[in-house]
**Student:** 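Dropping a structure here in structure tokens format, bear with me for questions.
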Amino acid sequence: MALALYNTLSRRKELFTPLHPPYVGMYVCGPTVYGDPHLGHARAAVTFDVLYRYLRYLGYRVRYVRNITDVGHLEGDADEGEDKILKKARLEKVEPIEVAQRYTALYHRAMDALNVLRPSIEPTATGHIPQQIQMIERILAAGYAYVVNGSVYLDVEKYRRDFAYGVLSGRNIEELLAGTRELEGQSEKKNPWDFALWKRAEPTHLMQWDSPWGRGYPGWHIECSAMSTHYLGVPFDIHGGGIDLIFPHHEAEIAQAHACFGEAAHHQARFWVHNNLVTIEGQKMSKSLGNFITVEEVFTGHHPKLTRGYPPMALRFLILQAHYRSTLDFSEEALAAAYKAYLRLISAYQRLSQLVSHPYSTYSVQAWRERVFSALNDDLNTAAALALFFEQIEDIIRLYRNEIHLSGEDLETLRNTWKEVLFDILGLRPIEAVQREKWDRLVDFLVRLRRQARSEKNYMLADILRNELRAVGVKLLDFPDETLWELSE
RNA sequence: GGCGACGUGGCCGAGCGGUUAGGCACGGGUCUGCAAAACCCUCUACGGGAGUUCGAAUCUCCCCGUCGCCUCCA
């Protein structure tokens, strides 16, 4: 059993092996912190969280770097447009760093709720200006960039003579040229496909730093190249991000790494892994279409497309139910279905603890466990892995009824697999673990009281108890000889 | 226009030449004081056409449709 990952660079699945076992270096493009974290952020974060967790489970020592972009990305065409963080700062009349800090905090809160582990290192672009400048200097020294009026651009034409450009996205310059909407006379670039490594800042620009080329700020792609290689070396093992970043962002990163480190950069990272997007009714989420949904809105239900709020695990489960390279079409119907499925899964897990072992097993748990891991190994097919758990639920019920049996050892394997895969690897969370014991005893008592009332045909009391229990989220399961209960939400 | 992906039963969603994926919903049943839940059963699909093959949702070709990237974006 070995993990195979789809590598965008080669366009096929490849067996994953780290460059320097047991260490693994993984870099994932994090959010630009100028707005509320949305479903897209959640999907990317959960996707790479699962990869991170699984690599660790497999015994690797993972250094996971995920950046916070707090400067630099422009909106609008080519050279023009406005830094999104600056724009937000102006709108809200606060310092740019206040914008970045606030949305970073919101991002953390949302991802924590989704049980997404924090990366090992979470560097910010503004905190790594020297590293970026140093990289630009090396690129200039190597002759792959030029300076114009205090700005530095990567010379793609020059770069192409020594390296292939467009290997990741499968594009060539001619095609790019055909698709470029050139701004006549406005560009100081030699060629439209050149991109900025450093931009000269106007005096009014709120965020600017000293550099060998004057006051300015870093280009749109350099931060990721600088920070990833700074912390992980060149090349490193895995670079991840959303599929929409393949071009131009990741293509530019590869070019920067080659231009800086030469052929030794080997495309900067050996595995390029990309998660697909979240769509709303078949359309990409965007503010202009008015179908933009934030993570918080899912939790609270405060959105026109939602009739109620859903707990974080419902969203996490929904994301896990699709393969990360497929688009995920979001709707309340799908979310509600995922939530129900998740609750059923957790109930089955809780039932596992009630099973008793037998001298021998009547079926193979090991075979099932291997199928679960081969699903995970097959390019992180979490959807297929989860399906196997639902198939196992039927067996758990039969075990509970003593229709089939498991030896102590196999039962242990079964329990461990559930715990390891569902909670450690997929990062799901069982409902409420805190204060559970006292709560259980209290509920047990009330349930027994209701049973007593029912046996005395005191249905009024029985119904009061049932309604009150339901009001606090306790679901009763009446069986002829006993009453079980579980938390509904 | 270029590059790429996709079209699976009411909805979401695996699938990678030959088993029922799975979930949710619906319907039927068991259970129950009535319920709910749970459990059991049912629903067996693959955009259209042609081809390859003993056999195709899975491969090839054509057509139709959808989406993404080519500008910041997870």
Side-chain angles (χ1 to χ4, degrees), chain A residues 8 11 13 28-32 34-35 37-48 69 72-84 166 169-172 174-181 183 193 220 240-249 251 274-279 282-287 317-318 321-323 325-342 344-345 347 351 375 378 381-391 393-394 397-398 400-401 454 457 459 462-463 466-467 470 475-480 483-486 488:
Chain A
T8 308
R11 292 169 196 240
K13 291 178 199 168
V28 173
C29 288
T32 302
Y34 72 103
H38 54 69
L39 292 177
H41 292 117
R43 187 173 196 196
V46 168
T47 296
F48 291 103
T69 297
H73 289 203
L74 305 185
E75 58 177 26
D77 280 305
D79 288 344
E80 307 311 313
E82 195 175 11
D83 182 311
K84 286 187 291 199
S169 57
R171 296 168 202 245
N172 59 55
E174 287 67 32
E175 288 160 1
L176 288 174
L177 184 57
T180 299
R181 286 179 288 161
L183 301 167
W193 50 79
W220 322 310
I243 204 171
D244 50 340
L245 294 177
I246 292 175
F247 192 90
H249 186 55
E251 202 69 78
H274 293 97
N275 65 278
N276 215 135
L277 306 178
V278 176
T279 57
Q283 297 259 297
K284 181 181 175 177
M285 280 201 315
S286 76
K287 284 179 177 169
F317 191 90
L318 177 69
Q321 256 193 326
H323 183 86
R325 283 193 293 116
S326 300
T327 51
L328 170 59
D329 199 40
F330 180 90
S331 65
E332 175 159 35
E333 199 179 357
L335 181 63
Y339 183 35
K340 283 199 172 184
Y342 161 72
R344 199 176 142 219
L345 198 65
S347 296
R351 189 170 297 180
D378 183 14
N381 195 337
T382 55
L386 280 175
L388 286 164
F389 280 87
F390 283 97
E391 285 181 17
I393 287 179
E394 291 171 27
I397 287 159
R398 293 172 67 203
Y400 186 70
R401 293 175 176 165
R454 290 176 74 211
K457 301 209 186 297
Y459 297 127
D463 288 349
R466 179 174 64 191
N467 292 338
R470 165 186 265 177
K475 198 165 63 179
L476 297 178
L477 287 62
D478 284 336
F479 291 96
T483 296
L484 300 179
W485 61 271
E486 60 194 28
S488 55

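Side chains included, hydrogens not; waters and symmetry mates left out as well; all remaining heavy atoms used. Values in this document were obtained by computation on a predicted structure and should not be read as measured data. A note on names: the letters A, B, ... follow the listed sequences, proteins ahead of strands, and every chain is numbered from 1.
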**Student:** Taking for each residue the nucleotide of RNA chain B bearing the nearest heavy atom, is the 5' side occupied by A/F330 or by A/D478?
**Tutor:** A/F330
**Student:** Think A/N276 has a side-chain N or O under 4.0 angstrom from the OP1 or OP2 of B/A74?
**Tutor:** no
**Student:** Grab the CG-C1' distance between A/L335 and B/C11 for me, whole Å please.
**Tutor:** 13 Å
**Student:** Can you build the contact string for nucleotides 22-27 of chain B? Use B for base contact, S for sugar-phosphate-only contact, and - for no protein heavy atom under 4.0 Å.
**Tutor:** SSSS--
**Student:** Please enumerate all residues that pass side-chain hydrogen bond (donor to acceptor under 3.5 Å, both in side chains) together with A/R466, with sequence neighbours excluded.
**Tutor:** A/D463
**Student:** Sort me out a list of protein N/O and nucleotides 43-48 of chain B N/O pairs below 3.5 Å, or just none if empty.
**Tutor:**
none

**Student:** Quick one: A/H323 NE2 to B/C16 P, roughly how many Å, whole number?
**Tutor:** 12 Å
**Student:** Would you say A/S331 places a side-chain N or O within less than 4.0 Å of OP1 or OP2 belonging to B/C11?
**Tutor:** no
**Student:** Tell me the stems RNA chain B sits in, counting at least three consecutive Watson-Crick or G-U wobble pairs, each under 3.5 Å on both distances.
**Tutor:** B:1-7 with B:64-70, B:10-12 with B:22-24, B:27-30 with B:38-41, B:47-51 with B:59-63
**Student:** Specify the residue among A/R466 and A/T327 whose closest nucleotide of RNA chain B lies further upstream toward the 5′ end.
**Tutor:** A/T327
**Student:** Contact class for A/R401 vs. all strands (heavy atom < 4.0 Å): base, sugar-phosphate, or nothing?
**Tutor:** sugar-phosphate
**Student:** Test of understanding: with side-chain hydrogen bond (donor to acceptor under 3.5 Å, both in side chains), list the residues that count as partners of A/S331, not counting sequence neighbours.
**Tutor:** none
**Student:** When rounded to the nearest Å, what value does the distance between P atoms of B/G48 and B/G2 take?
**Tutor:** 27 Å
**Student:** So, using ring-ring contact (aromatic ring centres under 6.0 Å, His included) as the criterion, who are the partners of A/H323 when residues are at least two apart?
**Tutor:** none
**Student:** Out of B/A74, B/C12, B/A36, which has the shortest distance to the side chain of A/D244?
**Tutor:** B/A74
**Student:** From the options B/A74, B/A14, B/C3, select the nucleotide whose nearest atom is closest to the side chain of A/H38.
**Tutor:** B/A74
